[in-house]
Amino acid sequence: MNPQEYIRNQIQSALAQLAIPVSDIKQLNLEKPKQEAYGDLATAIAMNLAKEQKRAPRKLAEQIVSRLNLDPLYVEKAEIAGPGFINFYLAKHCLQQSVSSIVQQGAEYGRSQWGQGRSIQLEFVSANPTGPLNIVSARAAAIGDVLANCFALCGFDARREFYVNDAGRQIRLLGRSLSSRYLTALGNEQPVPEDGYHGLYLQDLALEILQRDGDRYADLSEEERDARFSALALEYMLERQKSSLDKYGVHYDLWFRESRLREGQAHRAVLEKLEKAGLSYHQDGALWFQSSKFGDEKDRVLITSAGEPTYFLIDIAYHQNKYERGFDQIIDFWGPDHHGYIDRMRAALLALGHPADSFQVSIIQQVNLLRNGQPVKMSKRAGEIIEMDELVEEVGVDASRFFFVDRRISQPLDFDIELAKKQTDENPVYYVQYAHARICNVLRYAQEQGRTLPEQADVSRLENEFELQLIKKLIDYPEVIARAAQYLEPHRIPDYLQELATVFHRFYHENRVVIDDEELSNARLLLCQAARLVLANGLKILGISAPETM
RNA sequence: GCGCCCAUAGCUCAGCUGGAUAGAGCAACGGACUUCUAAUCCGUAGGUCGUGCGUUCGAAUCGCACUGGGCGUGCCA
């Protein structure tokens, strides 16, 4: 049990003795005070409960503290301060023991049982298969992947999914655009449709097809040729997107195809359910869903007057399918241009009887691409995109993933290409990686000096401020991971790793590890191993390498 | 018009979901290598938390109204 859990349990049982039920775990928030003088952990729970309990905050705090049964080996003291904070001071022994504990847990350190095996699905990127992945997808990919890692570590069965819009108008247009390129390559000049896809990747593909298959598609009817090229272009794009993500270290459990839903007529079951519930109606020749009954601003069309299912209906069927596959929790990551879509999807899932909190949408704000401070207009149609591959090659997987995850999701991200190239050496990822490499070097040096890396040590020798500060930072790690998942805020991890690196560098600067006092030296070596593990575990969550030398 | 996101140090951003004296990193300035990696460390400087009301013991955080920036608002996908 880590110190945070221990203290939480203690507070909870104290409150139980006072007959104050705490339903909301958030009320039991433990924070790290800004001032070191205020202890290692603090809670504002007495103040939060004071109002509803109609008691004076400090008095309530006293009642809580007097009912705490703290093991002095764990918590040295609990103090009431200010308007009613309860400040906890961790015992040295507790801190020291955590070093052994971390080393023992190794790669498992950071794991929690919060998820209790519940299944959770994260759908992210889901870019149209009409072009190479761009820089926006790179942000979404990094975020989704890291959060999936976090959930898995928190005891969830986390699955990654990519929804492939492989049906409908844009695919036909893609086929038509490729067809034009093909015919043009054959000398029969054909303009790419104005609203088609003008990117040069289709020209490359057309030449590839021409080389492989010759002119055998030239004599097909226009309709047949478009269909043929739609299929060819689609598979090509999918492979290309997969390869980009693969290079980026993102691997999906499932690439779910929209066509699978259409072929299975999955939307019919949805229509039936909504109709049975009396939540759909006909008007103006179309079939409507009463989404306004479930919090949407107006009703939405399910079947157009032309008799076609709308994209919305298919998307409902897709989400229904997710539930049918047994997921307890569904999280979608969408672009800002889809925020208007959230209410109607939520309405549909409520109407279908799914619990409100089982479906979450997180909007990942846009990436503004700059070149020398000037905005670059991104348009898939015009083909003026900066490809994800280009970025990854220029900046590297490690730096780009770190960069994309290191900001709040809700924050738009300015990405200056030239700046990113220049800043390569200054990127904080190197700072964190350097800390890891530095530790590896110390461990290597110790072995070169004939020392054996200890599996245990007399950790009570770790007691100066630099050692203790480093330990305090190390024990924060599981909470950081859990909170990153809970709030869908992956940026907490790189932020934390930077802080950890700072504390380590300071420790390193002030304490020589390999020294004559073998007992102390071993204790510090153990501490170094613990620090290395946490850095390595954190970097692994981010999908970033942890180099042994730099 | 309506809705969503955003506004914190010169720049890029945190601020633990209402707490204690608002913090980092770059950039600037001044220090520290005879040492296990100086890709490091220490210090200095830098703030009307966009503006104004309000809610309360307490607001960068919540509410309302403004200002400014971005994006939505189809029987499109």
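Every chain is numbered from 1 and lettered A, B, ... according to where its sequence line falls, protein lines coming before strand lines.
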If you measure only the distance, is there a donor-acceptor pair under 3.5 Å linking the side chains of A:Glu79 and A:Asn87? no
In this structure, how many angstroms lie between the P atom of B:rG15 and the CD atom of A:Glu499, rounded? 11 Å
With sugar-phosphate taken as primed atoms, P, OP1 and OP2 and all else as base, the protein-contact string of nucleotides 71-77 of chain B at under 4.0 Å (heavy atoms; B, S, -) is BS-SB-B
Would you tell me if any nitrogen or oxygen in the side chain of A:Lys32 comes within less than 4.0 Å of OP1 or OP2 on B:rC16? no
B:rU21 and B:rA60: how far apart are their C1' atoms, nearest whole angstrom? 15 Å
Does a donor on one side chain and an acceptor on the other come within less than 3.5 Å for A:Tyr163 and A:Asp332? no
A:His491 has its side chain closest, among B:rC13, B:rG15, B:rA20, to B:rG15
Can you tell me how far P of B:rA39 sits from CD of A:Gln433, to the nearest Å? 15 Å
Euclidean distance for P, B:rU56 against B:rU61 (whole angstrom): 16 Å
Assess whether a salt bridge exists between A:Glu258 and A:Arg262, defined as any Lys/Arg side-chain N lying under 4.0 Å from an Asp/Glu carboxylate O. yes
Nearest 0.5 Å please: distance from the CG atom of A:Leu500 over to the CG atom of A:Asp495. 12.5 Å
Should the heavy atoms of other residues, nucleotides or ligands under 6.0 Å from CD of A:Gln447 be counted, would the total exceed 12? yes
Tell me which of A:Ala42 and A:Tyr431 sits closer to the 5' end of RNA chain B, going by the nucleotide each one is nearest to. A:Ala42
Could you tell me whether A:Ala437 contacts a base, only the sugar-phosphate backbone, or nothing, with contacts defined as non-hydrogen atoms closer than 4.0 Å? base
Give me the distance, rounded to whole Å, that separates B:rU48 from B:rA32 when you measure between the C1' atoms they each carry. 38 Å
Taking the side chain of A:Tyr38 as heavy atoms from C-beta outward, which of B:rC36, B:rA20, B:rU40 is closest to it? B:rA20
Between atom CG in A:Asp476 and atom C1' in B:rC16, what is the gap in whole Å? 10 Å
Look at the rings of A:Phe312 and A:Tyr341 and say which category their plane angle falls in: under 30° parallel, 30 to 60° tilted, over 60° perpendicular. perpendicular
Nearest-Å distance once atom P is located in both B:rC75 and B:rG58: 50 Å
Taking everything shown except A:Arg268 itself, do over 12 heavy atoms lie less than 6.0 Å from its CZ? no
Span that lies between the P atom of B:rG18 and that of B:rG63, in whole angstrom: 10 Å
Could you check B:rC33 for me: syn (within 90° of 0) or anti? syn
Looking at residues 500-516 of chain A, who's got a heavy atom less than 4.0 Å off RNA chain B? A:His505, A:Arg506, A:Tyr508, A:His509, A:Asn511, A:Arg512, A:Val513, A:Val514
Contact list for residues 521-532 of chain A, test side chain to side chain donor-acceptor pair (under 3.5 Å), sequence neighbours left out: A:His436-A:Arg532, A:Arg451-A:Ser521, A:Glu467-A:Arg524, A:Asn511-A:Arg524
Could you check how far CD of A:Glu489 sits from C1' of B:rC13, rounded to whole Å? 14 Å
For RNA chain B, which ranges pair as stems of 3 or more consecutive Watson-Crick or G-U pairs, with both donor-acceptor distances under 3.5 Å? B:1-5 with B:69-73, B:10-13 with B:23-26, B:28-32 with B:40-44, B:50-54 with B:62-66
Would you mind telling me which of B:rA14, B:rA39, B:rU21 lies closest to the side-chain atoms of A:Arg407? B:rA14
Protein-nucleotides 5-7 of chain B N/O pairs closer than 3.5 Å?
unit_1: B:rC5; atom_1: O2'; unit_2: A:Gln365; atom_2: NE2; d: 3.3
unit_1: B:rC5; atom_1: O2'; unit_2: A:Ser410; atom_2: O; d: 3.1

When rounded to the nearest 0.5 angstrom, what distance separates CZ in A:Phe507 from CG in A:Leu468? 10.5 Å
Salt bridge check, A:Glu161 against A:Lys322: does any charged N sit closer than 4.0 Å to a carboxylate O? no
Go through the steps to decide whether A:Tyr431 and A:His505 satisfy the test ring-ring contact (aromatic ring centres under 6.0 Å, His included), and finish with yes or no. CA-CA 10 Å; A:Tyr431 181 77; A:His505 283 312; 5.0 Å; yes
Gap between atoms CZ and C1', on A:Phe403 and B:rG25 respectively (whole Å): 12 Å
Taking atom P of B:rG15 as reference, at what distance in whole Å does atom OH of A:Tyr496 sit? 17 Å
Gap between atoms CG and C1', on A:Asp414 and B:rG69 respectively (whole Å): 11 Å
Drop me the distance from A:Phe124's CZ to A:Trp334's CH2, to the nearest 0.5 angstrom. 16.0 Å
Is A:Gln265 atom CD crowded by more than 12 heavy atoms from other residues, nucleotides or ligands, each under 6.0 Å away? yes
Same-atom distance (C1') from B:rC13 to B:rG47, integer angstrom: 15 Å
Indicate yes or no: at least one non-hydrogen side-chain atom of A:Lys473 is less than 4.5 angstrom from one of A:Thr502. no
Check: A:Asp398/A:Gln433 side-chain N/O donor and acceptor closer than 3.5 Å: yes
In whole Å, what separates the C1' atom of B:rU67 from that of B:rC53? 15 Å
Rounding to a whole Å, what distance do you find between A:Ile45:CD1 and B:rC16:C1'? 16 Å
What distance, rounded to whole Å, do you find between the two C1' atoms, one in B:rG23 and one in B:rC5? 24 Å
With sequence neighbours left out, write down each residue that passes side-chain contact (heavy atoms from CB on, under 4.5 Å) with A:Glu479, or none if nothing qualifies. A:Gln4, A:Arg8, A:Arg483
